[in-house]
Amino acid sequence: MKIIYRPDHYRQNPKGVFWQGQLDHYHESPVRAENILRDIEQRGLGEIIEPQLFEQALLERVHREDYLRFLRTVWQRAKPENPEGKDLFPACYVPRGQSAPPPEAVTAQLGYYSFDLSAPITEGTWDAAYASANVALTGQQLLMAGERAVFSLCRPPGHHAGISYCGGFCFLNNAALAAQALRDNGVSRVALLDVDFHHGNGTQDIFYQRSDVLFLSIHGHPDCHYPFFSGHRDERGAGEGHGFTYNYPLYASGSRGELWFEALDSAFGEIKRFKPEVLVVSLGVDTYKNDPVSGFELSTEDYLVIGQKLSALALPTLFVMEGGYNVEAIGENVGNVLAGFSL
């Protein structure tokens, strides 16, 4: 298995973050990628290669141009009002139900192009996010070249980033960019399975009205868990995309391995009916029983089984790294998925 990695992810390392209303340390820290890479190297799970550099215009296949311009320029434009170089957070958001054009003021744009306080902008945010997108795009290119499976070790993650907004540690939607690139390169049907604990609200929004990308997500129930306002079972897509979104929300108190795997098997049934040519997996291991910001109870051994089950689908598969915040266990958990797939 080819492993795609680039150390530019270090450029995104805020001093702190507001998580679920509280000032906290930044859970999505560089050590996450370090520990994953270390486990992969120690086990010899695959060749580690640098990503190619793709034109920024490819990002516009998923994200709105004004949003991308905001991400590229906001740090420099904020300098006159931020001479100390503090991390940038929104001051306010567009009021509910109000439609407004993009504002000119940098402070206002921070709220216009985000949906929460967990994606602060730093001096290196754009460089890190763009590198992460290139890691995912290189993975899809290798699949197109004939690889059976590729792991794109993306950081920052991406599945909470929508067409024109950031949030939940995410800025560019790496998995969606890879899925769109696969479509652009001739793949007619792509399945995108999100197994992160948190619903991939950004990915769902991007593909909600489309029938060429099947989106499926197993996650903590939005009644109780971030991002709260998306991921209900009755969200099935809209227009041409109706019937091509499947959500499997689970209450954490009852989501031990057996129940989670029942949802996975149900998702597999929909994938088989869809008959995709390629599978993209938004791989989050914050479903781990000791994850500090989640609530499921999967064990380290369960991740080996997940990898084996994904392999049994017999599809070219791109793994795109999302969440997982127990830094002591993240390497072994991710490594087990990849090892299980390779058995």
Side-chain angles (χ1 to χ4, degrees), residues 1-13 28-41 45-63 68 71-72 119 124-145 147-161 166 168-185 190 192-196 200 202-203 206 278-285 316-324 330-331 334-335 337-338 341:
M1 183 183 298
K2 295 285 196 307
I3 316 295
I4 319 300
Y5 172 81
R6 187 172 176 86
D8 295 54
H9 71 85
Y10 284 98
R11 301 295 308 281
Q12 175 67 358
N13 190 19
E28 204 286 291
S29 63
V31 71
R32 299 174 62 250
E34 293 174 15
N35 289 355
I36 294 169
L37 190 67
R38 183 181 302 116
D39 188 271
I40 287 170
E41 290 176 327
L45 291 175
E47 178 187 1
I48 299 166
I49 62 176
E50 289 254 335
Q52 294 187 25
L53 183 65
F54 291 82
E55 294 181 2
Q56 293 184 18
L58 287 178
L59 306 181
E60 294 179 27
R61 297 290 293 136
V62 165
H63 295 289
L68 295 170
L71 288 179
R72 286 195 304 265
T125 296
W126 171 254
D127 291 337
Y130 183 40
S132 191
N134 281 304
V135 168
L137 288 169
T138 300
Q140 69 80 30
Q141 187 175 69
L142 288 171
L143 281 192
M144 293 298 301
E147 293 290 333
R148 174 176 179 253
V150 180
F151 175 47
S152 289
L153 180 41
C154 293
R155 184 185 173 269
H159 71 152
H160 295 306
C166 58
F169 311 137
C170 303
F171 301 93
L172 298 175
N173 197 309
N174 306 308
L177 286 164
Q180 182 61 53
L182 287 163
R183 287 286 295 113
D184 291 343
N185 286 322
V190 178
L192 203 167
L193 173 65
D194 192 326
V195 295
D196 189 279
T203 312
I206 289 164
V278 177
L279 174 66
V280 176
V281 178
S282 273
L283 178 60
V285 294
T317 302
L318 173 62
F319 293 95
V320 178
M321 192 64 211
E322 302 287 1
I330 190 171
V334 172
V337 175
L338 305 183
F341 189 93

Between [X] and [Y], is any pair of side-chain heavy atoms under 4.5 Å apart?
| X | Y | answer |
| --- | --- | --- |
| His63 | Asn173 | yes |
| Ser132 | His9 | no |
| Leu71 | Leu172 | yes |
| Glu322 | His160 | no |

Could you pull out the closest heavy-atom pair between [X] and [Y], with the gap in Å?
| X | Y | answer |
| --- | --- | --- |
| Arg6 | Ala131 | CD-CB, 4.1 Å |
| Cys154 | Val320 | SG-CG1, 3.8 Å |
| Pro157 | Phe169 | CD-O, 3.7 Å |
| Ala179 | Leu192 | CB-CD1, 4.1 Å |
| Gln140 | Ala181 | CD-CB, 3.5 Å |
| Asp127 | Asp8 | O-CB, 4.3 Å |

Query raised in the report: Taking it one step at a time, do Gln56 and Arg72 satisfy side-chain contact (heavy atoms from CB on, under 4.5 Å)?
Result: CA-CA 10 Å; Gln56 293 184 18; Arg72 286 195 304 265; 3.0 Å; yes
Query raised in the report: With a 3.5 Å cut-off and no angle check, do the side chains of Ser282 and Asp196 form a donor-acceptor pair?
Result: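 No pair is found: no donor N or O on one side chain lies under 3.5 Å from an acceptor on the other.
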Give, for atom [atom1] of [X] and atom [atom2] of [Y], the distance between the pair rounded to the nearest 0.5 Å.
| X | Y | atom1 | atom2 | answer |
| --- | --- | --- | --- | --- |
| Phe171 | Thr125 | CZ | OG1 | 4.5 Å |
| Tyr10 | Ser29 | OH | OG | 10.0 Å |
| Ile48 | Leu37 | CD1 | CG | 4.5 Å |
| Ser152 | Leu177 | OG | CG | 11.0 Å |
| Asn134 | Glu50 | CG | CD | 11.0 Å |
| Ile4 | Leu142 | CD1 | CG | 5.0 Å |

Requested in this report: Please report the C-alpha distance between Met321 and Phe151 in whole Å, then the side-chain angles of each, then the deciding distance to 0.1 Å, and finally whether the side-chain contact (heavy atoms from CB on, under 4.5 Å) criterion is met.
Outcome: CA-CA 8 Å; Met321 192 64 211; Phe151 175 47; 4.0 Å; yes
Query - Verdict with reasoning, Leu53 to Tyr130, per side-chain contact (heavy atoms from CB on, under 4.5 Å) - result: CA-CA 9 Å; Leu53 183 65; Tyr130 183 40; 3.7 Å; yes
I'd like to know if the side chain of [X] reaches the main chain of [Y], judged simply by a donor and an acceptor atom lying under 3.5 Å from each other, with no hydrogens or angles considered.
| X | Y | answer |
| --- | --- | --- |
| Arg32 | Gly324 | yes |
| Asn174 | Pro156 | yes |
| Arg155 | Gln12 | yes |

Query raised in the report: With Leu143, which of Val278, Val280, Thr138, Asn185 fulfils side chain to side chain contact (heavy atoms under 4.5 Å, CB included)?
Result: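 Result: among Val278, Val280, Thr138, Asn185, Val278 is the only option passing the side chain to side chain contact (heavy atoms under 4.5 Å, CB included) with Leu143.
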Query raised in the report: What do the steps show when you test Leu182 against Met144 for side-chain contact (heavy atoms from CB on, under 4.5 Å), and what is the final call?
Result: CA-CA 8 Å; Leu182 287 163; Met144 293 298 301; 3.7 Å; yes
